[in-house]
Amino acid sequence: MKDDLAQELDERLHPRHRAVLIGHGGTERRLLDAYRSGKLHHGWILNGPRGIGKATLAYRFTRFLLRYPDPAMVPAGVREGCDVDPADPVFRRVAAQGHADLITITRAYDTRNKRLKAEIGVDEARQASQFLGRTAGEGGWRVVIVDAADEMTASAANALLKSLEEPPPRTVFLLVSHVSGRLLPTIRSRCIRLDLAPLADEEVERVLDVVLEEGGKPSAEQRQLAIALAEGSPGRALQLLQGGGLKLFRDFSALLEQVPGLDYGRLFEFAERLRGAQALDDYRLFTELMEQWLSRRIRDAARGVDDWAGRMPLNRLGQWSEVHQAIVHSIGRANALNLDRREVIVQAMRLIDATARP
C-alpha cells in the first residue's frame, strides 16, 4: 500500500472534485436553510465516521456560497440542493485550489519522510488568521475548511480558536471531524454540530459505481467484502479495494483463526509490517478494522447470534468488553504519544488470545 490515503486514491476522487453527494440530504438542507435565512452561523462541525462524505458536503456547500453569495442569486432550478455545474468557473477554481476566498487547513507534506504529517500543525492553523486578515477577493463569502479538525495539535487548535472567536463578517468555518469529542470544548461551543450517519450498503455501492474506473474493477466478491467491512463508509471501501486493505484484513483473519494459540512469529512479522513511518495509514486502517471486528463479535455474542465458536460465552462478555476498552485506550494513547505501533498490535493480539482461552 502507498504511504498515505491522499496519495493512494486517484486525484480525481478528492472531495473537492466531487459534484454529487450520495446521502446526507437532510444535513445539506439544514445548511441551505441557514443560508437562505440570512443568518448563517459562522462555525459548523461536520461530524461522523471517516469516509462517509463529510468533506464532499463541505466542498459542495463552499462552492454554493462562493457561486451564490446572495440567496436571491440562486436560480429556481437549484433551490433544493447545493449543485454547482462542474463547468462553472467557481467549481473549477475550487477543484484546482485556486479560489481566492477559500482556504483549506489540512496536514502538511513531510518532505523528509515523503508523506503527509500525522497531525495538523500550528503553522497550518495560523494560515486561517492570515487569510482572514485580508479583504475578500471577490467581495462575497470567505470559507475556511479544516480537514480534519480533530487531527490538529493542541497549539494548532488554539491558533484556530482565535480566528473562530471573532471572525470577520461573511466568514464560514467548516470543520470536518471524525470524532468531535477530541476538539477543544471552546471550539465546540462556538460551532453548530451536524452529525452525519454512515451510509446504507446500497448507497455505498452507488458511490463505488460512480468513482471506480471502468478498467481494473474489483470482483463482485471483493466489492461485497469491502462494503461489509466499510460499515457505511465509501472512503473505507475504496481504501480496502484500491489500497490493499483487503489483504491486510485477510492476514488479520488468518491470525485470528489460531486464537487461542497464536503463532507469535507470524504475529511479530505482521506487526513489523505496520511499524514504519511509511505504513502509518496501513496501521490506522488495521486498528480500525481490529476495533470494528471486536465490537461486532461482542455484539453478536450478546445477541446470541454467534459466540465465536465458544470463545465468547455470555458469562464472559463483561471481560471481553474490558478487553475492548483496553485496546481502544491503548491505540488512542499510542497515537497521542507516538508510541511503538508494533507493540500496540502485539499487546492487543495477546489480550485477545489470552481472553479466548477457556
Side-chain angles (χ1 to χ4, degrees), residues 15 24-62 64-66 69 71 82 101-108 117-134 136 140-198 328-329 331-333 335-337:
H24 314 307
T27 306
E28 184 169 271
R29 283 191 294 274
R30 185 170 174 186
L31 285 167
L32 281 172
D33 288 345
Y35 156 77
R36 293 186 186 116
S37 73
K39 298 179 181 179
L40 182 64
H41 192 70
H42 73 277
W44 299 82
I45 296 172
L46 306 180
N47 182 63
R50 289 179 184 271
I52 62 171
K54 303 185 300 295
T56 299
L57 174 57
Y59 280 102
R60 272 176 61 85
F61 187 59
T62 295
F64 195 80
L65 277 182
L66 298 177
C82 294
D101 292 330
L102 167 64
I103 186 171
T104 301
I105 307 299
T106 188
R107 293 180 289 158
K117 294 181 178 179
E119 297 177 305
I120 296 175
V122 66
D123 290 341
E124 288 72 54
R126 284 173 178 159
Q127 293 174 14
S129 62
Q130 297 167 5
F131 168 73
L132 297 175
R134 302 190 295 267
W141 290 92
R142 280 178 292 181
V143 183
V144 179
I145 296 177
V146 185
D147 186 12
D150 45 30
E151 293 174 347
M152 290 187 291
T153 65
S155 298
N158 280 305
L160 184 76
L161 178 61
K162 293 178 181 179
S163 300
L164 264 172
E165 287 175 332
E166 297 181 4
R170 293 169 70 84
T171 298
V172 174
F173 289 81
L174 299 174
L175 310 186
V176 176
S177 173
H178 310 312
V179 185
S180 64
R182 295 176 183 168
L183 299 175
L184 289 177
T186 43
I187 287 180
R188 297 200 304 268
S189 69
R190 285 164 174 78
C191 298
I192 297 174
R193 192 179 88 180
L194 300 177
D195 290 319
L196 283 70
V328 170
H329 175 75
I331 293 169
R333 184 170 179 271
N335 291 344
L337 301 178

S.K.: Roughly how far, to the nearest 0.5 Å, is the CG atom of L164 from the CG atom of N158?
M.R.: 11.5 Å
S.K.: Can you tell me if R190 uses its side chain to pair, donor with acceptor, with the backbone of T186 under 3.5 Å?
M.R.: yes
S.K.: Please find the pair of heavy atoms, one from K54 and one from G48, that lie closest to each other, and give the distance.
M.R.: NZ-O, 3.1 Å
S.K.: Measure across A159 and R126 and return the closest heavy-atom pair with its distance rounded to 0.1 Å.
M.R.: CB-CG, 4.1 Å
S.K.: Quick check: closest heavy atoms across V176 and A58, and the distance to 0.1 Å?
M.R.: CG2-CB, 4.3 Å
S.K.: Quick check: do L65 and L40 have side-chain heavy atoms less than 4.5 Å from each other?
M.R.: yes
S.K.: As an exercise, state the distance from CG of L102 to OH of Y59, rounded to the nearest 0.5 Å.
M.R.: 6.5 Å
S.K.: Can you find a pair of side-chain heavy atoms, one from H24 and one from T56, that are under 4.5 Å apart?
M.R.: no
S.K.: Provide the closest heavy-atom pair for I105 versus Q127 in the form atom of the first, atom of the second, distance.
M.R.: CD1-CB, 4.0 Å
S.K.: Counting only pairs under 3.5 Å, give me each side-chain donor-acceptor contact of residues 142-150, with atom names and distances, residues two or more places apart or in other chains.
M.R.:
unit_1 : atom_1 : unit_2 : atom_2 : d
R142   : NH1    : L132   : O      : 3.2
R142   : NH1    : R134   : O      : 2.2
D150   : OD2    : S177   : OG     : 3.2
D150   : OD2    : H178   : N      : 2.7
D150   : OD2    : V179   : N      : 2.6

S.K.: Might you point out which heavy atoms bring T153 and G121 nearest each other, and give the distance in Å?
M.R.: OG1-CA, 4.2 Å
S.K.: Taking the side chain as every heavy atom from C-beta outward, state whether F64 and L31 have any atom pair closer than 4.5 Å.
M.R.: no
S.K.: To the nearest 0.5 Å, what is the distance between CG on N47 and CZ on R182?
M.R.: 10.5 Å
S.K.: I need the minimum non-hydrogen distance between I45 and C191, along with the two atoms involved.
M.R.: CG1-CB, 3.6 Å
S.K.: State the CG-OG distance between L183 and S189, to the nearest 0.5 angstrom.
M.R.: 11.0 Å
S.K.: Report the distance from atom CG of D33 to atom CD of E28, rounding to the nearest 0.5 Å.
M.R.: 11.0 Å
S.K.: Below 4.0 angstrom, N of the basic side chain to O of the carboxylate: do R107 and E124 qualify?
M.R.: no
S.K.: I need the L160 CG to E165 CD distance, nearest 0.5 Å.
M.R.: 10.0 Å
